[in-house]
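Shown next, in structure tokens, is the structure this report addresses.
Fair warning: this is a prediction, and the values are worked out from it, not measured in the lab. Order of listing sets the numbers, starting from 1, for every ligand and every atom in it. The residues of the chain are indexed from 1 along the displayed sequence.
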Amino acid sequence: MKFLVIGASGFIGRHTLHYIKSLGYEAVGTQAKAKNPDLVKFDLLEDRIEWQLDTAYLETDSQVFGIIFSAITPIDRCWRERELSYKVNVEKTCQLLDDFKNLGIKPIFISSEAVYDGTTGYYSEEHQPNPVNEYGKQKLAVERYIQQMSPETLILRLSKIVGDDPKESHLFSEWHQWMETNKPITCIAGQVFCPTFVEDIAKGILLSCQQGISGLYNMANPVFFPREELAKQFALALGQEAQIICKPQEAFNFADKRNENNYLDSTKFLKATGMQFTSMREVFTAFTHKLKEDSK
Ligand SMILES: NC(=O)c1ccc[n+]([C@@H]2O[C@H](COP(=O)([O-])OP(=O)(O)OC[C@H]3O[C@@H](n4cnc5c(N)ncnc54)[C@H](OP(=O)(O)O)[C@@H]3O)[C@@H](O)[C@H]2O)c1
């Protein structure tokens, strides 16, 4: 197997590329605006993948997998810049899927829990998608295109992804910064989610490729938390008491709606792959350890 990681300058793509390479697989990563000398420039708005890749990379007996992480991801930005985000997240992503097909690259599309409406929660692949925000609508539009054009393509719906490195930008580093500056952690009251460790995504994708699974899967940690409970446990793990404020989402001034019960049922994925997810306690422990190392 060989890999092409589209959007390898982003949070999940970066970890996935690193993990795949650490196991000795050949992998090429792309970036759009970032300037990492180890990544190939590929902007969906300007480039076609065959122009940017050394074609020798594709002349191989190995199966090349193209993992599509690239997207405009901030929910409010997708709404505020609807035309642009639709172009990147839907039109040009579908074009990339077509290009992959023509080049013999097997796509893996990274989708989101945001395709569900978040009213009942505990969504399995059988539940009807009904996105409530522009970001979720765009993810669903690509899923529909895939299901029409090549239903065997692997689609992985992720939940909220968290990391264990205080120096990276993610939910826990943000909470930690707020605690350090005596700002309260604010949560949408009643929001329930299933935070998933970023390296588990890399592991899950590799397992999926090794086992040749195809079609639609939720890929999320099966343990779910009310957001304020996770914040409380995070602070306790750091030996601190956090000030946690819960407010209805109307009090947040979001430009677009957030899902409130977006936790996923990943039974289908767990049965297919035997994947074991990292617990949030393990992530907290690693985070605390890295904090101590950084302060030395
Ligand atoms: N993070 C989560 O909690 C979460 C949850 C569910 C699903 N997902 C999905 O997982 C994927 C990765 O998320 P992430 O958090 O890693 O996102 P991220 O950190 O925002 O990274 C986005 C990536 O997309 C690239 N990109 C943006 N515009 C592009 C364009 N015009 N052409 C080509 N590449 C472009 C960025 O490249 P540059 O930075 O170089 O511009 C970057 O590498 C996304 O599809 C997201 O919807 C994420």
Side-chain angles (χ1 to χ4, degrees), residues 4-19 28-49 51-53 66-78 81 83-97 99 107-116 118 123 131 133-143 146 155-163 165 168-174 191 193-202 204-205 217-221 227 230 258-259 262-264 266 283:
L4 182 56
V5 179
I6 306 292
S9 46
F11 179 46
I12 314 176
R14 182 169 61 244
H15 281 271
T16 302
L17 181 66
H18 181 263
Y19 179 76
V28 168
T30 76
Q31 59 194 335
K33 299 284 180 282
K35 299 270 180 277
N36 180 336
D38 297 330
L39 301 178
V40 170
K41 189 248 175 188
F42 170 67
D43 188 330
L44 283 158
L45 291 169
E46 298 168 2
D47 307 311
R48 299 294 282 268
I49 194 65
W51 305 340
Q52 305 306 102
L53 266 189
I67 313 165
I68 306 179
F69 289 109
S70 52
I72 292 177
T73 54
I75 291 175
D76 286 346
R77 186 172 168 216
C78 286
E81 299 174 39
E83 259 180 54
L84 177 76
S85 62
Y86 189 85
K87 193 159 216 165
V88 171
N89 292 356
V90 183
E91 284 175 17
K92 295 292 178 179
T93 299
C94 293
Q95 184 182 72
L96 177 65
L97 285 157
D99 289 346
I108 298 174
F109 176 64
I110 303 301
S111 187
S112 163
E113 69 202 344
V115 298
Y116 300 110
Y123 294 107
N133 55 39
E134 181 62 25
Y135 168 75
K137 286 176 189 163
Q138 293 176 0
K139 286 289 183 193
L140 185 61
V142 179
E143 288 192 7
I146 290 172
I155 299 172
L156 298 171
R157 287 178 179 157
L158 313 187
S159 62
K160 182 74 186 164
I161 308 303
V162 296
D165 188 342
E168 285 190 299
S169 175
H170 53 84
L171 185 68
F172 293 158
S173 51
E174 187 179 44
Q191 188 178 46
F193 66 161
C194 47
T196 303
F197 182 41
V198 64
E199 284 176 21
D200 286 348
I201 302 307
I205 289 174
Y217 289 85
N218 292 337
M219 185 171 75
N221 194 319
R227 204 170 173 106
L230 187 74
R258 301 302 195 265
N259 302 69
N262 33 5
Y263 52 104
L264 301 178
S266 297
V283 179

Atoms of ligand 1, numbered as shown, that sit under 4.0 Å from any heavy atom of [X]:
X    : answer
D43  : 30 (C), 31 (N), 32 (N), 33 (C)
K33  : 38 (P), 40 (O), 41 (O)
L158 : 6 (C), 7 (C)
F42  : 32 (N), 33 (C), 34 (N)
S9   : 36 (C), 37 (O), 38 (P), 39 (O), 40 (O), 42 (C), 43 (O)
Q31  : 40 (O)
Y135 : 7 (C), 8 (N), 9 (C), 46 (C), 47 (O)

Say whether [X] and ligand 1 are in contact under the criterion: heavy-atom distance to a ligand atom below 4.0 Å.
X    : result
A114 : no
R14  : no
S111 : yes

| said: For the residue pair R157 / Y116, report whether a side-chain donor-acceptor contact shorter than 3.5 Å exists. | reply: yes
| said: With no hydrogens and no angle check, just 3.5 Å: does a side-chain donor-acceptor pair link Q138 and E134? | reply: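 Yes.
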Students should be able to answer this: which protein heavy-atom is nearest to [atom], and at what distance?
atom                    : answer
atom 21 (O) of ligand 1 : G10 CA, 3.3 Å
atom 10 (O) of ligand 1 : I110 CG2, 3.4 Å
atom 35 (C) of ligand 1 : A32 CB, 3.6 Å
atom 12 (C) of ligand 1 : F69 O, 3.5 Å
atom 32 (N) of ligand 1 : L44 N, 2.7 Å

Of [options], which has the heavy atom at the shortest distance from [atom]?
atom                    : options              : value
atom 48 (C) of ligand 1 : L171, N262, I12, T30 : I12
atom 27 (C) of ligand 1 : A71, G7, G13         : A71
atom 3 (O) of ligand 1  : L84, L45, I161       : I161

| Residue from K33, Q31, K92, Q52 passing side chain to side chain donor-acceptor pair (under 3.5 Å) with D43 |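 Between D43 and the candidates, side chain to side chain donor-acceptor pair (under 3.5 Å) is satisfied uniquely by K33.
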Rounded to the nearest 0.5 Å, what separates atom [atom1] in [X] from atom [atom2] in [Y]?
X   : Y    : atom1 : atom2 : answer
F42 : D47  : CZ    : CG    : 6.5 Å
I68 : I110 : CD1   : CD1   : 9.0 Å
T93 : I146 : OG1   : CD1   : 9.0 Å

| note | On a heavy-atom basis, the closest approach of A141 and V90 is CB-CG1, 3.9 Å
| message | For the 3.5 Å polar cut-off, considering only N or O atoms, please tell me whether F11 and ligand 1 meet it. | response |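 Between F11 and ligand 1 (N or O atoms, distance only) the closest approach is under 3.5 Å.
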| Any side-chain heavy-atom pair of I161 and F11 under 4.5 Å |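 Result yes, sub-4.5 Å side-chain heavy-atom pair found.
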| task | Determine whether Y135 and R77 make a side-chain contact, defined as any pair of heavy atoms from C-beta on separated by less than 4.5 Å. | result |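 In short, these two side chains do not touch, never coming nearer than 4.5 Å.
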| said: Is the distance between the ring centroids of F193 and Y263 under 6.0 Å? | reply: no
| said: Taking side-chain contact (heavy atoms from CB on, under 4.5 Å) as the criterion, tell me which of I12, V5, L156 meets it with I205. | reply: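 Exactly one option meets the side-chain contact (heavy atoms from CB on, under 4.5 Å) with I205, and it is L156.
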| field | Sole residue of N262, N218, T196 in side-chain contact (heavy atoms from CB on, under 4.5 Å) with S159 | value |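 Passing option: T196.
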Region of [X] that comes within reach of ligand 1 [heavy atoms, distance under 4.0 Å]:
X    : answer
T73  : side chain
K139 : side chain
S159 : backbone

| query | Charged N to carboxylate O below 4.0 Å: is that the case for E113 and K160? | reply |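 Between K160 and E113 there is no salt bridge, as every charged N stays at least 4.0 Å from the carboxylate O atoms.
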